[in-house]
Amino acid sequence: MRNIVVLTGAGISAESGIETFRGAGGLWEGHAVEDVATPEAFARDPGLVHQFYNLRRQQLLAGIEPNPAHVALARLEREFDGEVLVVTQNIDDLHERGGSENVIHMHGELLKSRCVSCGEVSECRHDLTVASECPRCHAVGTPRPHVVWFGEIPLRLPEIERALIAADLFIAVGTSGRVYPAAGFVRLARAHEARTIEINLEETGPGGAFQESRRGRAGEILPDLVGSILARDA
């Protein structure tokens, strides 16, 4: 076994205390989440969109820490005698803080901004406002969260697909398995003869998509799974 791809979703971050910001009926402070997370929403009311992401950024920077699942994946990358790629649907930096280096954020990164004018992507650990200035082109009001919004295409999909085709093992952790394109990753991996494992609190997606399912918290299951993978690899 030479190549491992791990897909992570909201469940792994939830174990670190990341809030979903989605209340009853899918609302955030009376707004549909989709109405603060689309290009049209940003064009219509950038201040409201910035408020939504500023709160998420503040939460991430206010004591949220990686959990044992993040640490276990970093150990797998560090000790496995092959390639380990983490593809995450999460926009936090907990994988990197947990020690993983080979990470693709297919939905973007909360601690970065992107200029809608020149495309510059910059580190961003502060609040954004309608008066924020792009550090490259100096346009005012053009920086937006470097996050994939509803209706936008996830990042680096061709690279992800190549990794899935080459994978010997595909593990999905804490993801619903219902949102495409990520929901189709398991089928692509299986079509190219990868072993497939899912770790989640409850059943996900279409039944039988994964060859093996493990129910429970990622922080409790992943350390043992990583240990067994490394023991077989030794």
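Because the structure is predicted, anything quoted here is derived from the model rather than measured. The analysis underlying the following values was restricted to heavy atoms, covering all of them including side chains, and did not include hydrogens, waters or symmetry mates.
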Taking [Y]'s backbone N and O only, do any of them form a donor-acceptor pair with [X]'s side chain (distance below 3.5 Å, no angle check)?
| X | Y | result |
| --- | --- | --- |
| Arg57 | His126 | yes |
| Arg156 | Val87 | no |
| Glu120 | Arg136 | no |
| Arg190 | Ala209 | yes |
| His70 | Asn67 | yes |
| Thr129 | Ala131 | yes |
| Asn3 | Ala163 | no |
| Thr38 | Asp35 | no |

How far does [atom1] of [X] sit from [atom2] of [Y], to the nearest 0.5 angstrom?
| X | Y | atom1 | atom2 | result |
| --- | --- | --- | --- | --- |
| Asn200 | Arg214 | CG | CZ | 14.0 Å |
| Arg232 | Phe80 | CZ | CZ | 10.0 Å |
| Ile197 | Leu225 | CD1 | CG | 5.0 Å |
| Ile221 | Ile199 | CD1 | CD1 | 5.5 Å |
| Leu164 | Thr196 | CG | OG1 | 11.5 Å |
| Ile160 | Leu85 | CD1 | CG | 7.5 Å |

Which residues pass the salt bridge (Lys or Arg N to Asp or Glu O under 4.0 Å) test with Arg125, not counting sequence neighbours?
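Arg125 satisfies salt bridge (Lys or Arg N to Asp or Glu O under 4.0 Å) with no other residue.
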Say whether [X] and [Y] are linked into one hydrophobic cluster, either directly or through other cluster members, by side-chain heavy-atom distances under 4.5 angstrom.
| X | Y | result |
| --- | --- | --- |
| Val147 | Leu48 | yes |
| Leu60 | Val86 | no |
| Val71 | Val84 | no |
| Leu188 | Ile104 | yes |

Which of these, Lys112, Gln89, Glu96, His95, sits in a side-chain hydrogen bond (donor to acceptor under 3.5 Å, both in side chains) with His105?
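Single pass found, and it is Glu96.
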Chi angles and distances behind the side chain to side chain contact (heavy atoms under 4.5 Å, CB included) call for Val33, Phe21:
CA-CA 8 Å; Val33 173; Phe21 284 83; over 6 Å; no
Listed by chain and number, what are the ring-ring contact (aromatic ring centres under 6.0 Å, His included) partners of His107, not counting sequence neighbours?
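Checked His107 against ring-ring contact (aromatic ring centres under 6.0 Å, His included); zero matches.
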Counting only heavy atoms not in Glu101, do more than 12 fall under 6.0 Å of its CD?
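No, because the 6.0 Å sphere around CD of Glu101 holds 12 heavy atoms or fewer from other groups.
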Does a salt bridge link Glu152 with Arg144, judged by any charged N lying under 4.0 Å from a carboxylate O?
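A salt bridge links Glu152 with Arg144.
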With the threshold set at 4.0 Å, does a side-chain nitrogen-carboxylate oxygen contact exist between Arg215 and Glu198?
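Salt bridge between Arg215 and Glu198, a charged N being under 4.0 Å from a carboxylate O: yes.
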Decide yes or no on side chain to side chain contact (heavy atoms under 4.5 Å, CB included) for Leu73 and Ile171, but give the supporting numbers first.
CA-CA 11 Å; Leu73 290 178; Ile171 307 171; 5.9 Å; no
Closest non-hydrogen atom pair between Asn90 and Ala10, with its separation:
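Heavy atoms of Asn90 and Ala10 come nearest at OD1-N, 3.2 Å.
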What are the two closest heavy atoms between Ser13 and Asp92, and how far apart are they?
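Scanning both residues, the minimum pair turns out to be OG-OD2, 2.5 Å.
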Should Asp127 and Gln58 be marked as a side chain to side chain contact (heavy atoms under 4.5 Å, CB included) after you check the CA-CA gap, both sets of side-chain angles, and the distance that decides it?
CA-CA 8 Å; Asp127 286 355; Gln58 291 165 12; 3.0 Å; yes
Set out, in order, the CA-CA distance, both residues' side-chain angles and the distance that settles side chain to side chain contact (heavy atoms under 4.5 Å, CB included) for Thr175 and Phe185, then state yes or no.
CA-CA 12 Å; Thr175 179; Phe185 289 176; over 6 Å; no
If the condition is side chain to side chain donor-acceptor pair (under 3.5 Å), which residues does Arg195 pass it with, not counting sequence neighbours?
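Side chain to side chain donor-acceptor pair (under 3.5 Å) list for Arg195, sorted by chain: Glu212.
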